[in-house]
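Chain letters run A, B, ... following the sequence lines, proteins first and then strands; every chain starts at 1.
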2 protein chains.
Amino acid sequence: MSQTVDRALSILPLLAEGPADLGQVADRLDVHKSTALRLLRTLHEHGLVYRQSDQRYRLGARLIALAQEAMENLDIREIAHPHLVRLNEQCGHTVHLAVYEESEVLYIDKVESRYPVRMYSRIGKPVAITVAAVAKLLLADLPEGERRALSDKLDYPMYTSRSTPNAPAFLRELDKVREQGWATDLGGHEESINCVAAPIRGADGRVVAAMSVSAPNVVVTAEELLTLLPLVRRTADAISGEYSGRTPVKDSR
Amino acid sequence: MSQTVDRALSILPLLAEGPADLGQVADRLDVHKSTALRLLRTLHEHGLVYRQSDQRYRLGARLIALAQEAMENLDIREIAHPHLVRLNEQCGHTVHLAVYEESEVLYIDKVESRYPVRMYSRIGKPVAITVAAVAKLLLADLPEGERRALSDKLDYPMYTSRSTPNAPAFLRELDKVREQGWATDLGGHEESINCVAAPIRGADGRVVAAMSVSAPNVVVTAEELLTLLPLVRRTADAISGEYSGRTPVKDSR
DNA sequence: CAGGTGCGTTGCATTAGTTGCAATGCTCGT
DNA sequence: ACGAGCATTGCAACTAATGCAACGCACCTG
């Protein structure tokens, strides 16, 4: 809606790929160098962009600080965290918490496995939306129209042979997940990693977040992992209860 | 430098304080509501701002994802992480990694204490710059002029009776730290928490990061913590070596 | 060491893009 | 059902962003 701001913000994902110099930024934005310079300067003043010693630009520190504050404003996270820790203490595996926002699902909290073999994932990283167990739960709860529209515009990368191959299969999976009230990902993202996930609901019953337990085959088989399902669901329900009991989406200050 | 972008970016820290509606944003920016609306819309399109169900705006998910990528581009972090984990395994206490950027010091990595009593801190949070041991190391290495200028414009909040009270005291402390090559914070931030820190240097000898071990009094006394100093310094030196050996600030793609 | 290339930077005239206003639409509370 | 409060839209006025061309500077190169 605002061209100038639009251009300036387009610089951020560009720099997320790696440092770039003025010329590169100008080219990618398709604007004159002087224009790019002014935009970069403004971003710099706000600390979103940093100029390293070789004069190239990269993302700045304040961005990290802002994201931090953004997460602290998510009250589900605050409420859920102790529950996640407890679950991790009980089963030892990696525990994730994820939310859906604007066509993306991303992890907002994580408790690391206590086993030596750990899976790769990072808080803030958008998850593989077509296969992750938490993603299925979050998308399954979307209103029909939105769900269809989203499933349509998604890509369905075949991470493994068990990845969800296309939109119809995905929608079927979502229906199943919605009905049973939990979800799994059995090697659909990485061949040797399985997950079980359960939804966290707000007072109105809508799914506000999802949590999962993940473990590699070498530690426990998929069957063994599934035996944790009741525990995961109980934890999720406990979080739901606490979340609904408190002020729902209230101001945090 | 660019008014429109400047205004748009000013919205982010504002929303970091908590959700706000259009009117509040317009007021704080001192612009007309329609202007604020357009700026918010642009931020929204880029996912930096999210509109929650009650129509108020808060920081968006992509901000978190961007910050994530920003951190992954910091190669000190990549290199240091395994060392931090190993140090944590050896001593059991909380280990922090911090960098200086644009008048701020912030934590970019953390390994949690294995003791039940943990200190509060979060990756991405700017640190108490006048008292934290890592901050002293990073600032001590700044060129004279910059150091004086910065020390001058800082606030010196008295978190505890042992906090650095003012600029002259701070500069003296920095001189001491620079000379001895390590730093401490003995209850200067929180009465019962002590830290020892050591600098990580690049190939040119400049301090590029600093790491620290922190523990509360109830777990170990300050004296006991100080016995860890050689270990902390050795770890920092190991990281320095690896960092200098590799491509210094090279492109990451 | 002179000349050249590639980059970032600056001042300025043009014009496109942003602004604030006023009017409209919408939602909620009474 | 009515009104208050907020978000939203279209539009004309004008400010502020744009691209150009020229300059400065550092680094190669012959």
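- Listed for the A/R147 side chain is a donor-acceptor partner under 3.5 Å among the backbone atoms of A/L142.
- For the pair A/T130 (side chain) and A/Y156 (backbone), a donor-acceptor distance under 3.5 Å is absent.
- Per the geometry, CG belonging to A/L22 stands 13 Å off C1' belonging to C/dT10, to the nearest Å.
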Please tabulate the protein-to-nucleotide N/O contacts below 3.5 Å involving nucleotides 26-30 of chain C, giving atom names and distances.
none

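- Relative orientation of the B/Y107 and B/H96 rings is parallel, given thresholds of 30° and 60° on the angle between their planes.
- Using a distance-only test at 3.5 Å, with no hydrogens or angles considered, no donor-acceptor pair links the side chain of B/S212 to the main chain of B/A197.
- Side-chain atoms of A/E242 and A/H83, non-hydrogen and from C-beta on, do get closer than 4.5 Å to each other.
- First and last contacting nucleotides of DNA chain D toward chain B (any atom under 4.0 angstrom from a heavy atom, 5' to 3' order): D/dA7 to D/dA17.
- No donor-acceptor pair closer than 3.5 Å links the side chain of B/S2 to the backbone N or O of A/R38.
- Taking atom NE2 of residue A/H44 and atom P of nucleotide C/dG8, one finds them 15 Å apart after rounding to whole Å.
- DNA chain D contains the following stems of three or more consecutive Watson-Crick or G-U pairs, with both distances under 3.5 Å: C:1-7 with D:24-30, C:9-30 with D:1-22.
- By the 4.0 Å N-to-carboxylate-O rule, A/R178 lies close enough to A/D175 to be salt-bridged with it.
- Where A/G23 and B/D30 meet DNA chain C, the nucleotide closest to each residue was compared, and A/G23 sits on the side nearer the 5' end.
- By the 4.5 Å heavy-atom criterion applied to side chains, B/L48 and B/I11 are not counted as neighbours.
- With sequence neighbours left out, B/R206 forms a side chain to side chain donor-acceptor pair (under 3.5 Å) with B/D141.
- A side-chain N or O of B/S103 and one of B/K153 form a donor-acceptor pair less than 3.5 Å apart.
- Within a 6.0 Å sphere centred on CG of B/D204, heavy atoms belonging to other residues, nucleotides or ligands number more than 12.
- Of the residues in residues 31-42 of chain A, those lying under 4.0 Å from DNA chain D by heavy-atom distance are A/V31, A/H32, A/S34, A/T35, A/R38.
- Ion pair B/K176/B/E179 not flagged as a salt bridge, since none of the NZ, NE, NH1 or NH2 atoms sits closer than 4.0 Å to an Asp/Glu carboxylate oxygen.
- The CG atom of B/L106 sits 10.0 Å away from atom CG of B/L138, with the distance rounded to the nearest 0.5 Å.
- For the pair A/R41 and A/E45, the salt-bridge criterion is not met [side-chain N within less than 4.0 Å of a carboxylate O].
- Atom OH in A/Y57 sits roughly 11 Å away from atom C1' in C/dC7 (whole-Å rounding).
- Contact check of residues 1-13 of chain B against DNA chain D (heavy atom, cut-off under 4.0 Å) returns B/S2, B/Q3, B/T4.
- Atom-to-atom distance recorded for B/I123:CD1 and B/R77:CZ is 5.0 Å, nearest 0.5 angstrom.
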